Amino acid sequence: MADSAFFCTLSHEGVLAVIGNDASKFLQGQLTCNLNYLSETHSSLGARCTQKGRMQSSFRIVLEPEGCLLAMARELVEPQLADLKKYAVFSKSKLTDDSANWVRFGLHQADAALQSLGITLPAETDSVARANGLIAIRVTEGRAELWARAEQGESLKQHLSAHLTEADLNQWLLGQVRAGIGQVMAQTRELFIPQMINLQAVGGVSFKKGCYTGQEIVARMQYLGKLKRHLYRLSLQGTELPEPGTPLFAPTHSSAVGEVVIAARSEQGIELLAVLQAEAAQAGDIHVTSVQGPSLTLLDL
């Protein structure tokens, strides 16, 4: 199933909307990505950080005619909304939880299905194509998101079902793990700086745009610091899926050496992304939950 064409509903994420004349200008001073690079045909990954450079959320951002839409872990929409509203009081922009107004699908190897909807989506990552009120976004090679207004959701699902197998969310998350795309979840809020999940490597951090919340810390780490924790892909035998934020341990350390970012079941067991201390990862003896816990195997990222 992991390599066959399918679609699934992205039920784990919600949508935060920032609407108004100042939407992009306001967000430019709040987010790690450069909104000047966004267009009707180009989206971006990004993050919102604390003053200390720790990510409150990570997201996919898309331009709309009246502002911007940010898709992020559903549990993060309300706390992120509350934080951003503190800074938007003097801005001509309105921030809302727009989750109920959108239905979003993940599509794998499904360009033919998109074409049946009148959408030709370029192969380039972050590309956006639109038709008949639908928004398609290339997220990685062979994988796309399809956004629709809620009232289009049921008919669109029926159309996709006629062309593709419907899979569960796990299959989409497995593809995300294999693509090396980290994500902030409720359990890992304010735990990582962007470089720890390789956000700068997938276009989610701009080092040329100027100031934004947490920019000083993020830039200092990029140019002057030495990152001690990095993103790794690992496998785990068994069926018990570790939650984001689950601590990882090594016999040579008295405390946790890392945390799970996201995990999904695979044909052989479990695959996951984790942020790990580099020296512990190089030693290779990593365990889940405790030193006595199940062992992990490093995979190529």
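Note that the structure is a prediction, hence the values are computed from the model and not measured.
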Yes or no on side chain to side chain contact (heavy atoms under 4.5 Å, CB included) for Val261 and Thr188, after CA distance, side-chain angles and deciding distance? CA-CA 7 Å; Val261 176; Thr188 53; 6.0 Å; no
Verdict with supporting geometry, Gln176 and Gln183, side-chain hydrogen bond (donor to acceptor under 3.5 Å, both in side chains): CA-CA 9 Å; Gln176 182 175 336; Gln183 183 174 6; 3.1 Å; yes
Walk me through it: do Val257 and Ile286 pass the test side chain to side chain contact (heavy atoms under 4.5 Å, CB included)? CA-CA 8 Å; Val257 295; Ile286 309 295; 4.3 Å; yes
Determine, step by step, whether Ile193 and Met55 satisfy the side chain to side chain contact (heavy atoms under 4.5 Å, CB included) criterion, reporting the C-alpha distance in whole Å, the side-chain angles of both residues, the deciding distance to 0.1 Å, and the verdict. CA-CA 6 Å; Ile193 64 170; Met55 292 185 294; over 6 Å; no
Can you list the steps and then say if Gln171 with Asp168 is a side chain to side chain contact (heavy atoms under 4.5 Å, CB included)? CA-CA 6 Å; Gln171 292 303 119; Asp168 58 27; 3.7 Å; yes
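Remark: Glu124 does not engage Arg138 in a salt bridge, criterion side-chain N to carboxylate O under 4.0 Å.
Rounding to the nearest 0.5 Å gives a distance of 8.5 Å between CG of Leu27 and CG of Leu16. Rounding to the nearest 0.5 Å gives a distance of 8.5 Å between CD of Gln268 and OG of Ser235. In this structure, Leu236 CG and Arg265 CZ are separated by 11.0 Å, a value rounded to the nearest 0.5 Å. Rounded to the nearest 0.5 Å, atoms OG (Ser58) and CD1 (Ile197) are 5.0 Å apart. Atoms CG and CZ, on Leu273 and Arg233 in that order, are 8.0 Å from each other to the nearest 0.5 Å. Here the OH-CG distance, from Tyr212 to Leu31, works out to 10.0 Å after rounding to the nearest 0.5 Å.
Listed by chain and number, the residues in a ring-ring contact (aromatic ring centres under 6.0 Å, His included) with Trp147 are Trp102 (sequence neighbours excluded). Residues meeting the ring-ring contact (aromatic ring centres under 6.0 Å, His included) test with Phe207, sequence neighbours left out: Tyr223. Residues forming a ring-ring contact (aromatic ring centres under 6.0 Å, His included) with His253 (at least two apart in sequence, or on another chain): none. Scored by the side chain to side chain contact (heavy atoms under 4.5 Å, CB included) test, Ala256 finds Pro247, Phe249 as partners (sequence neighbours excluded).
For residues 26-56, the set of pairs meeting the ring-ring contact (aromatic ring centres under 6.0 Å, His included) definition, not counting sequence neighbours, is empty. Under the ring-ring contact (aromatic ring centres under 6.0 Å, His included) criterion, no residue pair touches residues 165-200, with sequence neighbours excluded. The salt bridge (charged side-chain N to carboxylate O under 4.0 Å, His left out) contacts involving residues 187-210 comprise nothing, where partners must be two or more places apart or lie in separate chains. Residue pairs that meet the salt bridge (charged side-chain N to carboxylate O under 4.0 Å, His left out) test with at least one member in residues 272-288, sequence neighbours left out, do not exist here. Applying the salt bridge (charged side-chain N to carboxylate O under 4.0 Å, His left out) rule to pairs touching residues 242-263 yields Arg229-Glu259, sequence neighbours excluded.
Environment of CD in Gln115: crowded, with over 12 heavy atoms of neighbouring residues, nucleotides or ligands closer than 6.0 Å.
Considering only heavy atoms from C-beta on, Gln187 stays 4.5 Å or farther from Val260 through its side chain. At least one side-chain heavy atom of Arg130 sits less than 4.5 Å from a side-chain heavy atom of Val128. Within the 4.5 Å cutoff, side-chain heavy atoms of Cys33 are placed close to those of Ile61. Proximity of Gln292 to His287: side-chain heavy atoms (C-beta onward) are nowhere separated by under 4.5 Å. Looking only at side-chain heavy atoms (C-beta outward), Glu151 and Asn101 stay at 4.5 Å or farther from each other. The shortest side-chain heavy-atom distance between Leu272 and Leu296 falls under the 4.5 Å cut-off. Considering only heavy atoms from C-beta on, Leu95 comes within 4.5 Å of Ser93 through its side chain. Using a 4.5 Å heavy-atom cutoff, the side chains of Gln195 and Leu231 are not in contact.
Leu121 belongs to a hydrophobic cluster with Phe7, Val103, Phe105, Leu107, Leu114, Leu117, Ile119, Leu134, Leu146, Leu156, Leu160, Leu164, counting contacts under 4.5 Å between side-chain heavy atoms of Ile, Leu, Val, Met, Phe, Trp and Tyr, direct or through other members. Alongside Phe90, the hydrophobic cluster contains Val89 (criterion: ILVMFWY side chains under 4.5 Å).
Counting all heavy atoms, side chain and backbone alike, Thr140 lies closest to Ile181 at CG2-CG1, 4.0 Å.
Each of Leu234, Leu301, Ile262 was checked for a side-chain contact (heavy atoms from CB on, under 4.5 Å) with Val177, and the lone residue meeting it is Ile262.
In this structure, Ile137 is a member of the same hydrophobic cluster as Leu169, with clusters built from ILVMFWY side-chain heavy atoms closer than 4.5 Å.
Side-chain atoms of Asn21 and Glu66 form no donor-acceptor pair, as typed in the model, at a separation below 3.5 Å.
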Atom pairs and distances, side-chain donor-acceptor, residues 67-88, under 3.5 Å, sequence neighbours left out:
| residue | atom | partner | partner atom | Å |
| --- | --- | --- | --- | --- |
| Arg74 | NE | Ser11 | O | 3.2 |
| Arg74 | NH2 | Glu13 | O | 2.8 |
| Gln80 | OE1 | Ser57 | OG | 2.5 |
| Gln80 | NE2 | Gln56 | OE1 | 2.9 |
| Asp83 | OD2 | Arg48 | NE | 3.1 |
| Asp83 | OD2 | Arg48 | NH2 | 2.5 |

